[in-house]
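Values reported hereafter were calculated over all heavy atoms of this structure, with side chains retained and with hydrogens, waters and symmetry mates removed. Sequence positions, counted from 1, serve as the residue numbers for this chain.
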Amino acid sequence: MMAGASGGVGFGQRSSSSPWDVVMELTKLAQERTTDPLMWAMKVSSSLTSAGISTPSLDLANLLVSHICWDNNIPIAWKFLEKALTLGIVPPMHVLALLSTRVIPKRKRYPTAYRLYMELLKRYAFYLSSLIHGPNYPKIMESIDNALHLTQIFGLQACEPGLLVVEFVFSIVWELLDASLDDEGLLEHTPEKKSRWATRNEDMEIGNNDGIQVKSTESQEAMQKMNTVMAIEIIGECFRNKVSTRILYLARRNMPGHWESFIQHLHLLTGKSTALRNSKNISPEALLELTSSTRRVLSRECKTSSEQRFHAVMASGSLISSAGQCHGTSRSALWLPIDLFLEDTMDGSQVTATSAVETLTGLVKALQALNRTTWQGTFLGLWIAALRLVQRERDSSEGPVPRIDTCLCLLLSITPLAIVNIIEEEASSDASDSRFTGPRNEKHPVGKRRKDLVAGLQQLEDYESLLTSPPSVSSLANQAAAKAMMFLSGLSVGSGYFDGISLNDMPMGCSGNLLHLIVEACIARNVLDTSAYLWPGYVKGCTNQMPRSIAGQMPGWSSLVKGSPLTPPMVTALVSIPASSLAEIEKVYEIAANASNDEKISAATVLCGASLVRGWNIQEHIVLFITRLLSPPIPEDYSGPESHLISYAPFLNVLLVGVSPVDTVQIFSLHGLVPQLAGALMPICEAFGSCAPNVSWTLTTGDEINTHTVFTNAFTLLLKLWRFDQPPLEHVFGDVPPVGSHLTPEYLLMVRNLQLVSSENSTTGQSKSKRLSRLASPSDREPIAMDSFPKVKQWYRQHQACLASTLNCLVPGTVRQMADSLMTMMFRRINRVSQPMTPTTSGSSNSSGTGIDDFSLRLKIPAWDILEAIPFVLDAALTACGHGTLSPRELATGLKDLADFFPASLATIVSYFSAEVTRGVWKPAFMNGTDWPSPDKNLANVEQQIKKILAATGVDVPSLPVGGNSPATLPLPLAVLVSLTITYKLERSTDRFLNLVGPALSNLATGCPWPCMPIIASLWAQKVKRWSDFIVFSASRTVFHHNSDAVVQLLRVCFTTTLGLNSSAISSNGGVGALLGHGFGSHFYGGIHPVAPGILYLRVHRAVRNVMFMTEEIVSLLMQSVKDIASSGLPVEKQEKLRKTKYSMKYGQVSLAAAMTRVKLAASLGASIVWITGGPSLVQSLIKETLPSWFISAQGSEPNGGESGGMVAMLGGYALAYFAVFSGTFGWGVDSTLVASKRRAKILGAHLEFLASAVDGKISLGCNKATWRAYVSGFVSLMVGCTPNWMKEVDVEVLKRLSKAMKQWNEEELALALLGISGIAAMGAAAEMIIETGY
């Protein structure tokens, strides 16, 4: 009885004792009797069950660990703990967490306990599946968090169990690492000098109190060394084990700051640890390899061979990997979107509110990610695309808008600045690594991108044909080459050396090319240094041929920098020679800002000279300086009722005239200064338009100006910044603001304000933001709105009303008087006097002897008052002409007189007649050569040439009439407008006014019925014969405005040409050359050369009436291209024959890899067209509406059976996946630097919700199942591999649903990778999936 009673100690005392007292008594008794651990464990389990306590028990774990540490640190107690773990009555992970907090700090005092702890760690730490599937999983992880203080240490607020698992595994490895460093005295060498973990006992350890076995000091030290080796080997095992290493990868990706510190400690261990070198199981090199950031942890291991091959092609990224010889898939095809973007940017009739630098930066980063290329290859592709643009322009036809300077701006200023952004982004990322708290991409070595830039530029030497300089800049290229030669010869390099140097002074062989200009542009922006001059073959002449001095140098930039005044000869020299350094142009800016009035004018003249157009190395600074100078400060001693701007009239006028040429405005647009420029022009318009021209100023040229002159120049320049002739909301769709050409004054001011705010708040350190902040004065940083300019706002509202509806018959008295005066001036040569508002006959004669100056004396009133009256004048005059009381010639002459007297009136003339044409209430005007100018001389020829252009490109429009006997007619307002324009002489003084009217006239005629545009083209081709080819080519766009089928045909030709599916000789090879050709020229037997389809599309796409249909058509063309690629253009019979062969993985004669490569090219082309045509808005429509609708709707007789049909369907799915991701990256970017990226989260989230719902069966699909599966897996795979930052913006629950679908499709690795890159919010789910799958 006594034995039985003792065997059941405590069971009869439950009513008075707690269950834990019973367990403790059982344990002590069993310990005294050395009871078998299994028997002890069974009794404890039975006791807990009887007490209603479930197992595994957290409290029992606490009890046993506390029992051992440290009063019972004996073998039997450790055996009891081990048996409790084996039988599962205590949670292993909780026990390990408790032991780590007690054992590791006292490992030197209790080395055996430390050894036993590590043995338990090796046995249980890698078996996490029982943890997440066991009972009380959340509660266990919460207890582990409480024991180890994980939330406080890692600073992650989310406490979901899966996230705590990651932190727990990471903490165990880190504790062992720091303990090992401490054991070898290396912890003091870490930046923190200590561990964040309790790896060291703060109390003094005296003697050896290890209760398991008393050892000598030597034995204890030996065990400690063995323990250190064992701890290091466990660290290595954690990085070898598939489960733990993937969990640690999650920590690396989502806790980079902590990981960086961990890796620093690890590198210290691998570099200095004796224990690691003594290990037989792991070496320092092996441990470094296991923990390397380049080690692939989440690799793609597809389950089927076909999926393996598809994903292999997708993962390779390169379009030249396995199909380099395939049509259209040369290296250049990788960068096709850049070629298209640069060519589209060349449209001089368009201005944008965003910088081409920012857009190009985002595009280049997107393509680098999607193509999986090195930065060296990316930079090389970018340079080649920009060089191709310049070479295409060399042979282009002459037109009203000069293009070569815009080309060179893109090559030598915009492209280098985009590269600067990319390189600075790397430097900024490296500098902020220690402060980084969110997920990031893998860190690159410092300066890696800069080195890749050097390597890419050196490769350009292999493309000699692309480096030939245009004749207009060959002298500048030669100077750049001479500068390098001069550097190598030991002479000091300064621009003053070239002041007055002629080509005759250059040594033989000192001929430069575009590479020399590119290198100088990069050196000026500090992404290269003068070591580039030492590149093999860069300097082709002999350095000893350089003349040591040049006699009789002309005054130039060096003289100015040394302090010479801006004398007239100096100004003449500086206007014709671009500045080469920022110091030179800053000197001019200081003079313009602070010197006397005359010197200000001279400095402004210099700024707007060659330096503005061809000072590529500092162009971004020059446009900012000019913009800043257009807002001069209020003088301290100024007082008066008028604006202080009036006193700056001559100075401002020089600046306004200097930046008015259309190609110069384009340079401001490329640099993103249009909003800032608009913000500077509005105060000038407000001030000068409110003053009567009572004061005049005489310029150094002898010309006289007044307030009307300055107002006209500012006002017409302002109007060029937005499409004033069209309703402000035209073509705007969706819930996004206007983009591209669809700008309004309000929108420009809004962007201007946002730019200044972002420049102040920017933490990226990008160069543009820093420059804006540096140049902006405190007043410039203040937001401005239209309400700040009441006169501008009043005119704009009147302008909008004029476009929207007919004029009100009730004319205010003062406006009526002004209108009468204007009409008297306009029609003073007519032998009848115009009565108020209505021309009638009169007996007056000989009015032609009265000049405009006589009337200008009577019209000395503010410009805004004149503009207010002009619509009523135009309405009365057009009505009189329509009723026959005013002849067309008289009307045209009167309008020309009005425009000569007050050129700003052209804006109202254009907008009024544009509105009247669209109303369609006027009778047609017969262009018979009597009343109106006649186009009959070459109208039929123009129509025939337009049709030839279309036919040569592959567009057939059967309904397009050519010739005919009917007389040529135009709507009356349009006839008036074109008659006015052809009265202008082509002079520099009138260019800026014609360039204001010209685009509006062209857009208006494009929207009119055929053959209005050919008639206008004929009239202008007769006037300027050298522009004939350009005019006819431009006129062809009217066909695409009226005929959607022509747009589809052109798009189809673009696809077949790019992919090499076209049988014509011009495009049989496909690729960039076939799509864009060599520009537009007329060197084909004296006639129109076949226009490359891409060039034609880029010139006409803005004329497409409804761009919304484009996405559906491009999807359709993409899917047709997939079928053509798969069949390789073979007949159906041969396709069937080849499909039945043994090697059915080939379609026609193209391998699957080659087919995938061409599919990717087709997708990039389609995405480029969508993005260029409609910007982020159309991309949004594609992903939010078009693609879901396509998948839901039935897709006709889509192949479902057979090897070929199934593979074509899969190819179609992958094509759509590439198409969607390409479009998204172009529109939103791969990161968050673009403004448009703010809309990405909403649209992407909606699309992924659609995917998840369809996968869950909540949405019925009509497409082929293989297509759908390929699209989903392809889309997710591309996001995982190319756009990981996108995933952090998506709801985690949606990602979990998609991940579940990937698992069901045997895409476990893809499912895991999807969660793994999705940020901290998805880290817990990713960890649980890793544990569940076991790898």
Side-chain angles (χ1 to χ4, degrees), residues 92-93 96 100 118 121-132 150 154 161-180 230-267 269-270 276 279 281-301 439-443 1280-1281 1284 1299 1303 1307-1320 1322-1335:
M93 301 306 155
L96 292 175
S100 68
M118 288 190 289
L121 195 62
K122 290 170 62 177
R123 185 178 302 180
Y124 293 102
F126 301 117
Y127 296 96
L128 297 169
S129 179
S130 60
L131 170 66
I132 66 171
L150 299 175
F154 289 111
L163 187 146
L164 291 172
V165 168
V166 177
E167 294 178 328
F168 171 61
V169 173
F170 190 19
S171 68
I172 291 295
V173 177
W174 202 340
E175 283 183 293
L176 291 176
L177 173 61
D178 282 3
S180 301
M230 184 176 183
I232 294 173
E233 290 175 349
I234 292 176
I235 294 172
E237 188 60 33
C238 287
F239 282 99
R240 287 195 185 104
N241 181 273
K242 285 188 174 182
V243 173
S244 59
T245 194
R246 282 162 173 75
I247 291 176
L248 290 170
Y249 167 79
L250 296 177
R252 182 181 88 192
R253 182 171 187 87
N254 296 292
M255 296 186 284
H258 299 295
W259 186 263
E260 197 72 30
S261 178
F262 171 78
I263 289 298
Q264 287 178 353
H265 289 205
L266 188 75
H267 286 173
L269 182 78
T270 56
L276 177 55
S279 173
N281 296 325
I282 192 169
S283 65
E285 295 75 19
L287 186 56
L288 283 174
E289 177 64 25
L290 288 172
T291 57
S292 170
S293 62
T294 59
R295 182 189 178 203
R296 296 194 64 181
V297 177
L298 298 180
S299 61
R300 296 297 316 280
E301 297 176 0
R440 64 172 175 89
N441 294 329
E442 300 299 342
K443 180 182 176 182
V1280 167
S1299 181
K1303 284 183 61 180
E1307 292 269 16
E1308 288 88 355
E1309 285 288 341
L1310 179 57
L1312 176 58
L1314 174 62
L1315 294 176
I1317 65 162
S1318 298
I1320 292 174
M1323 186 164 65
E1328 291 169 354
M1329 180 177 289
I1330 290 170
I1331 297 168
E1332 287 175 356
T1333 56
Y1335 59 83

Would you say [X] and [Y] make side-chain contact, with heavy atoms under 4.5 Å?
X      : Y       : result
Ser180 : Leu269  : yes
Phe262 : Arg252  : no
Ile247 : Ile1331 : yes
Leu290 : Ile282  : yes
Asn241 : Arg246  : no

Applying side chain to side chain contact (heavy atoms under 4.5 Å, CB included), can you list everything that pairs with Ala1322, at least two apart in sequence or on another chain? Val1292, Leu1315, Ser1318
Could you work out, with side chain to side chain contact (heavy atoms under 4.5 Å, CB included) as the rule, every residue matching Ser130, not counting sequence neighbours? none
Looking at every non-hydrogen atom in both residues, tell me the closest pair between [X] and [Y] and how far apart they are.
X       : Y       : value
Ala1326 : Leu1312 : O-CD1, 3.4 Å
Met1329 : Ser1299 : CE-OG, 2.8 Å
Pro284  : Leu276  : CA-CD2, 3.6 Å
Glu1308 : Lys1303 : OE2-O, 4.0 Å
Val166  : Ala1327 : CG2-CB, 3.5 Å

Interatomic spacing from [atom1] in [X] to [atom2] in [Y] - rounded to 0.5 Å:
X      : Y      : atom1 : atom2 : result
Ile234 : Asn281 : CD1   : CG    : 11.0 Å
Phe168 : Leu131 : CZ    : CG    : 8.5 Å
Leu287 : Phe239 : CG    : CZ    : 7.5 Å
Leu176 : Met230 : CG    : CE    : 10.0 Å
Ile172 : Cys238 : CD1   : SG    : 8.5 Å
Leu248 : Trp259 : CG    : CH2   : 5.0 Å

Set of residues satisfying side-chain hydrogen bond (donor to acceptor under 3.5 Å, both in side chains) with respect to [X], sequence neighbours excluded:
X       : result
Glu237  : none
Ser292  : Thr294
Ser261  : Glu192
Glu1328 : Tyr137

Before giving the answer on side chain to side chain contact (heavy atoms under 4.5 Å, CB included), spell out for Ile232 and Ser279 the whole-Å C-alpha distance, their side-chain angles and the decisive distance to 0.1 Å. CA-CA 8 Å; Ile232 294 173; Ser279 173; 5.7 Å; no
Check: Lys242 main-chain N/O paired with Thr245 side-chain donor or acceptor under 3.5 Å: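 No, because the side chain of Thr245 does not come within donor-acceptor range (under 3.5 Å) of the backbone of Lys242.
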State which residues pass ring-ring contact (aromatic ring centres under 6.0 Å, His included) with Phe154; sequence neighbours excluded, sorted by chain then number.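 Applying ring-ring contact (aromatic ring centres under 6.0 Å, His included) to Phe154 gives Phe170, Trp197, His258.
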Considering only residues two or more places apart or on different chains, which pairs with a residue in residues 122-132 satisfy salt bridge (charged side-chain N to carboxylate O under 4.0 Å, His left out)? Glu82-Arg123
